[in-house]
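Notes follow once the structure below has been shown.
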Amino acid sequence: MLKGNRIVLASDVIKHIRKHWKRALIIALIITVLYAAYTFIDDVRKVRAQAAADEAAKQVKVEDFTEEELTDVQNAIDAYNLLQDTQTYHDNSYIMKVDPYAVNQVVINFRVEMDSSKLPADQVGQEANLAGVLRNEYVAYINKSDLGTDVAERIGVDPQYITEIIAVENEGNIGFNIYLRGIDLVPDFEDSVKICLNKFTKELENGDYYAHSLTVNNEYEATVRIDDYYNRQRNSINEINGCTNNVTNFIKKMTPEQVAYYNAETGSNEVGYDQESGEEIEKYESVGISGLIKKDIIGVIIGIVLAVLIELFIYMYSKKVVTESDFTIAMGMVLLGDNSSEDNKNVVISKIRNICKQNSIKKLALISTEEDILKTDLVDSIKETLNNNEISVSVSADILKNADKIDEVLDASAVVLIEGVGKSVLNKVNEEAEFIEDYKLNLLGVVNCEA
């Protein structure tokens, strides 16, 4: 016999929880509600504290800064603006978007041709010289970025992104080549260039230059490698990284008041750094409804787990008998059955009657630690059945406190315990079992009797 040491079986724990599911559910609900309330209150408290801190920082005035502090924060703002400009260029420049080892370009060869019929008599025969002068005007128009600006205005982009992908070179005395790079990235690039050049032709004719035409002599596409584009891409990334580091370094040295002023001037949302630890200050933001719902789900899980653990604790440390295994495994008794149904009750009576017949038992003691249990119909039925079979039955409760009852039990040929899960106290049942063992009584088994 194991002297009442409770053995925890998973199956018994599950049965225990199923039996007390309402209590477990209430525990889980209480824990879930408390957890949800805590997370909500905590979120509101932190949001208010953060808002108060932000508002306090915003109240600072420029006049409150020392000259050094004002210089530091202005340097940070300048670094931020430079970073934004650098990032904007990197994000929008066509040079940053092309593959420098496979740049698609179109080369157009233009020629300037004079209209001799509209020349003054003294200029006839000077067509080549006049065309060369006009060619130089076109080249200057392109080199001064005026062509790129006109094209950019036509297609709706910043001029710098167009002018940097247009190049020009002289070709003979009256011709020039235009190089349009990244042609696959710029919408209507080639057509816009030709339209703008034709418009410039009319401007020249309306000015001091003679009638002429700008014709396309040759045109072809090519894929070329441009090392300068690769270098510019790499330098742009390095500039962004450098600007980012500069901004971070400035912010690390600023007080919360300086950071608040910096944010107001730049539209940023920096939180600053702790001047002692150097760690970034965490700015709290509300988790929102979705975040609270997620935490509530966690609360449900925690509630269920804790409810199960609490029921397990109750099971393990309950003073009362919690499962039939407390009788069978912990105390090594034979379970004769229970009275949960009429059929089960009849089985118990039949087992006791037959055991008594097989062992020629004429005196049987039914004992229990709980007097109420002995007042059930099952006990009356056992007693009646055995009496009809000429077996004397005594019924005794709490025998260890009554000398007469002890004598009555010791005088019996065998003993049956009538105890109840959830009713009988484990220690008292264990003392009862030890008494039976010490006096070497014939214990037929135990009946789980629900009062």
Side-chain angles (χ1 to χ4, degrees), residues 1-49 282 284-333 335-341 344-345 368-373 376 378 417-433 446-451:
M1 192 176 292
L2 298 177
K3 300 302 181 184
N5 294 318
R6 176 168 285 151
I7 305 299
V8 179
L9 299 178
S11 58
D12 287 338
V13 174
I14 293 173
K15 289 178 182 179
H16 172 78
I17 294 174
R18 290 176 62 183
K19 182 177 180 180
H20 300 282
W21 67 270
K22 290 183 180 180
R23 181 175 64 191
L25 178 60
I26 292 173
I27 293 173
L29 287 174
I30 292 174
I31 293 173
T32 300
V33 170
L34 291 176
Y35 184 84
Y38 169 78
T39 55
F40 174 76
I41 294 172
D42 185 61
D43 183 67
V44 171
R45 179 183 61 80
K46 289 180 178 178
V47 169
R48 289 177 178 175
E282 294 186 4
Y284 186 80
E285 295 183 1
S286 175
V287 296
I289 295 177
S290 60
L292 289 174
I293 291 175
K294 290 179 180 178
K295 289 190 174 184
D296 289 344
I297 293 174
I298 295 175
V300 171
I301 296 173
I302 293 175
I304 293 173
V305 171
L306 289 180
V308 171
L309 291 176
I310 290 172
E311 287 298 333
L312 176 60
F313 181 86
I314 293 174
Y315 170 82
M316 292 176 60
Y317 297 101
S318 174
K319 293 181 179 181
K320 293 185 177 181
V321 176
V322 290
T323 64
E324 292 176 345
S325 64
D326 284 343
F327 297 129
T328 58
I329 298 179
M331 290 182 281
M333 298 179 183
L335 182 65
L336 298 174
D338 58 61
N339 66 336
S340 58
S341 67
N344 287 355
K345 184 168 66 172
S368 176
T369 58
E370 301 295 326
E371 188 172 354
D372 290 344
I373 294 177
T376 60
L378 174 61
L417 298 185
I418 310 294
E419 301 292 349
V421 172
K423 296 291 183 179
S424 301
V425 177
L426 184 63
N427 287 340
K428 292 176 67 175
V429 176
N430 190 48
E431 290 175 1
E432 191 177 53
V446 61
V447 177
N448 177 18
C449 183
E450 297 181 1

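Every heavy atom of this structure was used, including side-chain atoms; hydrogens, water molecules and symmetry mates were not.
Checked against side chain to side chain donor-acceptor pair (under 3.5 Å), E311 has the following partners two or more places apart in sequence or in another chain: H16, R23. Taking S290 as the reference, nothing meets the side-chain contact (heavy atoms from CB on, under 4.5 Å) condition, with sequence neighbours excluded. Partners of D296 under the side chain to side chain donor-acceptor pair (under 3.5 Å) rule, at least two apart in sequence or in another chain, do not exist in this structure. With sequence neighbours left out, I30 forms a side-chain contact (heavy atoms from CB on, under 4.5 Å) with I26, L34. Y38 meets the side-chain contact (heavy atoms from CB on, under 4.5 Å) test with D42; sequence neighbours excluded. The side-chain contact (heavy atoms from CB on, under 4.5 Å) test applied to E371 returns K375, A397, not counting sequence neighbours. Residues passing the side chain to side chain donor-acceptor pair (under 3.5 Å) test with T328: none are found, sequence neighbours excluded.
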- Message: Using the rule given for side-chain contact (heavy atoms from CB on, under 4.5 Å), can you reason through L336 versus V446, listing the C-alpha separation, both sets of side-chain angles and the distance that settles it, and then say yes or no?
- Response: CA-CA 6 Å; L336 298 174; V446 61; over 6 Å; no

- Query: For D43 and K295, what are the C-alpha separation, side-chain angles and deciding distance, and is it a side-chain contact (heavy atoms from CB on, under 4.5 Å)?
  - Reply: CA-CA 11 Å; D43 183 67; K295 289 190 174 184; 5.9 Å; no

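Between L417 and F327 there is no side-chain heavy-atom pair separated by less than 4.5 Å.
For the pairing with Y35, the side-chain contact (heavy atoms from CB on, under 4.5 Å) check across I301, I302, L306 returns one residue only, I302. Each of K428, E419, K423 was scored for a side-chain contact (heavy atoms from CB on, under 4.5 Å) with S368, with one residue passing: E419.
Between the CG atom in L426 and the CD atom in E431 there is a gap of 10.0 Å [rounded to 0.5 Å]. Annotation: the span from T376 atom OG1 to N339 atom CG amounts to 6.0 Å, rounded to 0.5 Å. With rounding to the nearest 0.5 Å, the separation of OG1 in T369 from CG in N430 is 11.0 Å. In this structure, CD on E432 lies 7.0 Å from CE on M333, to the nearest 0.5 angstrom.
Taking every heavy atom of both residues into account, A24 and A307 meet most closely at O-CB, 3.4 Å. Across all non-hydrogen atoms, the minimal contact from I31 to G303 is CG2-CA, 3.6 Å. Taking all atoms of both residues into account, the shortest heavy-atom contact from A433 to M331 is CB-SD, 4.4 Å. The two atoms that bring L378 and C449 nearest to each other are CD2-SG, 4.1 Å, heavy atoms only. The minimum heavy-atom distance linking I373 with I418 is given by the pair CG2-CG2, 3.5 Å.
Remark: the backbone N or O of V421 is paired with a side-chain donor or acceptor of N448 at under 3.5 angstrom.
Residue pairs meeting the side chain to side chain donor-acceptor pair (under 3.5 Å) criterion with at least one member in residues 25-34: none, sequence neighbours excluded.
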